[in-house]
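Hydrogens, waters and symmetry mates are skipped; everything else that's a heavy atom, side chains included, is used.
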Amino acid sequence: MAENREYLTRAEENGSINIAEDVVAAIAADAIGEIEGVGSMCQNMTEQITEQFTGKKGLRGVRAEVKDGEIIVDVYLMVRYGIPETARKVQDSVSAAVSGMTGYNVHAVNVHVGGISFN
């Protein structure tokens with residue numbers, strides 16, 4: 001299976017390992033769920049348009065892709081308090097979880113704060 005936008009592919013001695021980008025996004029979403037200060041996840045504009053036209057629901061608020069053999073994760077969320085602290089916790093947690101589960105280097109975790117949650 002060739003590397004493309006939907007799978008992370010690594011050739012190994014006994015064959016290849018293929019990890020769907022959705023799996024990476026699920027790992028990231030799970031890590032985010034453990035972080036105090038995160039209010040909720042948000043849909044980005046691309047997710048809204050994709051859902052509207054295809055009916056396919058993705059993981060809300062998390063997008064993962066591979067560039068040059070490294071993972072880039074974009075996270076869209078609402079924060080309850082402490083934007084810089086919470087964003088750093090999200091970056092650290094997502095990076096550790098994704099690299100630990102996949103074996104890939106995480107190049108960046110981009111945190112997009114879409115608002116403040118008062119819940």
Side-chain angles (χ1 to χ4, degrees):
M1 194 177 261
E3 185 172 295
N4 60 39
R5 288 185 46 100
E6 296 180 6
Y7 285 90
L8 312 175
T9 301
R10 180 180 13 237
E12 295 287 329
E13 188 175 307
N14 297 328
S16 63
I17 297 172
N18 304 293
I19 304 170
E21 288 180 351
D22 288 347
V23 171
V24 176
I27 294 166
D30 187 56
I32 293 165
E34 303 293 319
I35 298 170
E36 189 175 334
V38 173
S40 63
M41 303 303 289
C42 303
Q43 272 188 315
N44 64 38
M45 186 63 75
T46 303
E47 289 172 329
Q48 291 172 354
I49 292 169
T50 300
E51 189 175 309
Q52 182 178 8
F53 287 108
T54 66
K56 179 184 173 189
K57 291 189 178 191
L59 277 169
R60 181 173 288 233
V62 181
R63 190 172 135 264
E65 66 178 319
V66 169
K67 286 189 179 177
D68 301 323
E70 295 184 312
I71 297 174
I72 299 171
V73 180
D74 283 284
V75 176
Y76 300 84
L77 49 82
M78 304 279 283
V79 175
R80 286 191 196 125
Y81 53 84
I83 293 172
E85 286 177 36
T86 302
R88 260 193 294 299
K89 287 178 187 176
V90 167
Q91 288 173 321
D92 293 343
S93 182
V94 167
S95 181
V98 169
S99 65
M101 290 287 287
T102 65
Y104 278 85
N105 182 47
V106 177
H107 177 72
V109 177
N110 302 310
V111 178
H112 306 270
V113 178
I116 303 295
S117 174
F118 295 104
N119 300 347

Gap separating the [atom1] atom of [X] from the [atom2] atom of [Y], nearest 0.5 angstrom:
X: Asp30; Y: Ser93; atom1: CG; atom2: OG; value: 8.5 Å
X: Arg80; Y: Thr86; atom1: CZ; atom2: OG1; value: 9.5 Å
X: Arg88; Y: Ile83; atom1: CZ; atom2: CD1; value: 12.0 Å
X: Thr102; Y: Asn105; atom1: OG1; atom2: CG; value: 9.0 Å
X: Leu8; Y: Ile71; atom1: CG; atom2: CD1; value: 5.0 Å

Minimum heavy-atom separation for [X] to [Y], with atom names?
X: Thr9; Y: Ser16; result: CG2-CB, 4.2 Å
X: Ser117; Y: Met78; result: CB-CB, 4.1 Å
X: Ala28; Y: Val73; result: CB-CG1, 4.1 Å
X: Glu21; Y: Glu65; result: OE2-CA, 3.5 Å

Please check if the side chain of Ser99 supplies one atom and the backbone of Ser95 the other of a donor-acceptor pair under 3.5 Å.
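The answer is yes, because a donor-acceptor pair under 3.5 Å joins these two groups.
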
I'd like a table of donor-acceptor pairs (distance under 3.5 Å, sequence neighbours excluded) in which one partner is a side-chain atom from residues 108-116, with atom names and distances.
from: Asn110; atom 1: ND2; to: Asp74; atom 2: OD1; distance (Å): 3.3
from: His112; atom 1: NE2; to: Asp74; atom 2: OD1; distance (Å): 2.8

A quick test of your reading: do over 12 heavy atoms of other residues, nucleotides or ligands sit less than 6.0 Å from CE of Met101?
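12 or below, so no.
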
Crowded around Glu85 CD? As in, over 12 foreign heavy atoms under 6.0 Å?
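Atom CD in Glu85 is not packed in, count stays at 12 or less.
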
List the residues meeting side chain to side chain contact (heavy atoms under 4.5 Å, CB included) with Glu36, not counting sequence neighbours, and say none if there are none.
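Once residues adjacent in sequence are excluded, the partners of Glu36 under the side chain to side chain contact (heavy atoms under 4.5 Å, CB included) criterion are Tyr81.
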
Do the side chains of Ile35 and Val94 join up, straight or via other hydrophobic residues, at under 4.5 Å, putting them in one cluster?
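Yes.
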
When you group the ILVMFWY residues by side-chain heavy-atom contacts below 4.5 Å and let the links chain together, are Val24 and Ile72 in the same group?
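Different hydrophobic clusters.
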
